[in-house]
Every structure is written in C-alpha cells, then in structure tokens.
Amino acid sequence: MIEIIRYSHQRGYSEPRRVVKYTLFWCKEGSAEILIDENIFILEASQLVTITSGQFHQLISVEGDLIALEFTLDFFSKNDSDIELIFHNGLFCHFGMNEIISIHHRAFFTETLRLIEKEIEEKPYQYLISIHSRVELLLVEINRSKIANGDEIWKPDALFLNFLESVRNHFSENYSVSRFADLLGTTEAKLNEVSKLHTNKTAQNVIYSLIISEAKRLLLYEKLSVKEIAYQFGFSDP
C-alpha cells in the first residue's frame, strides 16, 4: 500500500525490476545512479525522480543517502482530485517521460518523509489519513519546485488519467476505444477530445503509444519474443 525504503552507500538491485506502485526516489545526501526503463538518471543531493507504476527500474549505486517512497494508486486515489494531483505537471508520467526535479525546500521534504515513515512504523490512530495528507504535501512541494524551476503548469483531466490506467490494466484484451468508453461511462468522442487536448493524439494512438512502451519493456527486460509479446497484447499477427 505505502512503504519507505532507505539506501545508504551501497550497490542496488542486481537486475532491473518492475514494481506495480508509484515510486519516488529522493536523494537526501550525496548522489545516486538509477536506471529507469532504458535511461540512466544520476541524482544529486536535493533532487528526485518519479517512476510510474509498471516501469522497470534498477538502483545501480548510492553514494550517500537515498529514500524511496512507494505507494499504490488505490491507496492514494480516493477521488478525481487525488489522481489529478499524482500526475499534475507530468509527475509519474504514463509515457515514460521521467525527469530529475530539484526541490527548493529540502528540509521540509526530508522532514515530511521522516514523519510518513514514523506513521507507517507506529500506526497511531487514523495514521493512513495522516500519511495521505503528508503525501499530498510532498506532491504539492514537487509541483511548486517545478514551477519555480521554470516549468509550465500542466493540469491533467481525471477522465484522461483513468483512461490511461484502464488501458494499462487491459493490455491483453486489445480493447477498442469504444470499449474503454463503456468501461469509463463516457463516449468515444469524449475520449478523443481529452486525448487530443493532453497529447495532440487520438485516443487510439494513445493506446498504441502505451502498448509500444510496454512492448519495449517486455523485449528488454523479460526477453520475450515478438510472437509472445503479440499474443500478450491480443494480436494474432506478430
């Protein structure tokens, strides 16, 4: 549901792994080298990187102190505002657009993570509510830092985000846009509208983009053949 893991002056995982959680790596001191899908990121002190659920990542090395915050979507997203906050300004981007973010209020960020860890360990009365609120504060601080660093504000739409999550959860069924519209209680036209608004692509092309990203992961890290991957995505022709 939610977990904090600390790494200090060590080598990381022996091989890339996939975690079906949203992960935030915060470099408190020193530096850290992390592989995310096929890209390597080097974090310095007071920097972080976010990893969306389903991406492969490997902690290569830590020369200092690194903190990982992992949480599931169902833990955090109780309503549309929650899911919009997770992906606000491109955080935890579904399209694998990971980026290093420099945090302006370092002491606040470190202390908030410490308090979340304390709540997880001690489990006081209504601790999950408290943790949820503190994760919200962390995400707000990340967005404020991104804006202070010169990024434009990008406000996602909950329907579009739920569409992306639904596609990722139904890769093997090879659903049409109209089928996703039915699942989400909307129309094909509306899904095309929000897709074009957020990505300048049709809803079908958004589906293809997510499939291609996932297929690359299966080729790189699970060493499946093209035929096996096609089968997993519901295609009869490799």
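Side-chain atoms of S145 come within 3.5 Å of backbone N or O of H104 as a donor-acceptor pair. A donor-acceptor contact shorter than 3.5 Å links the side chain of K78 to the backbone of F75. The main-chain N or O of N79 is never found under 3.5 Å from a side-chain atom of S77 such that the two would form a donor-acceptor pair. Of the possible polar contacts, one joining the Q47 side chain to the E44 backbone as a donor-acceptor pair under 3.5 Å is found.
Using modelled atom types, one finds a donor on one side chain and an acceptor on the other under 3.5 Å when comparing E165 with H94. Looking at Q55 and N98, their side chains do bring a donor and an acceptor atom within 3.5 Å of each other. Between the side chains of S130 and E119, a donor-acceptor pair is found at a separation under 3.5 Å.
Put simply, CG on L128 and OG on S133 are 11.0 Å apart, with the number rounded to the nearest 0.5 Å.
Side-chain rings of Y22 and F87 approach one another, their centers coming within less than 6.0 Å.
By the 4.5 Å heavy-atom criterion applied to side chains, I103 and F108 are not counted as neighbours. Residues I34 and Q58 form no side-chain contact, since every pair of their non-hydrogen atoms from C-beta on lies 4.5 Å or further apart.
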Working for side chain to side chain donor-acceptor pair (under 3.5 Å), residues H9 and D65: CA-CA 7 Å; H9 298 283; D65 294 315; 5.0 Å; no
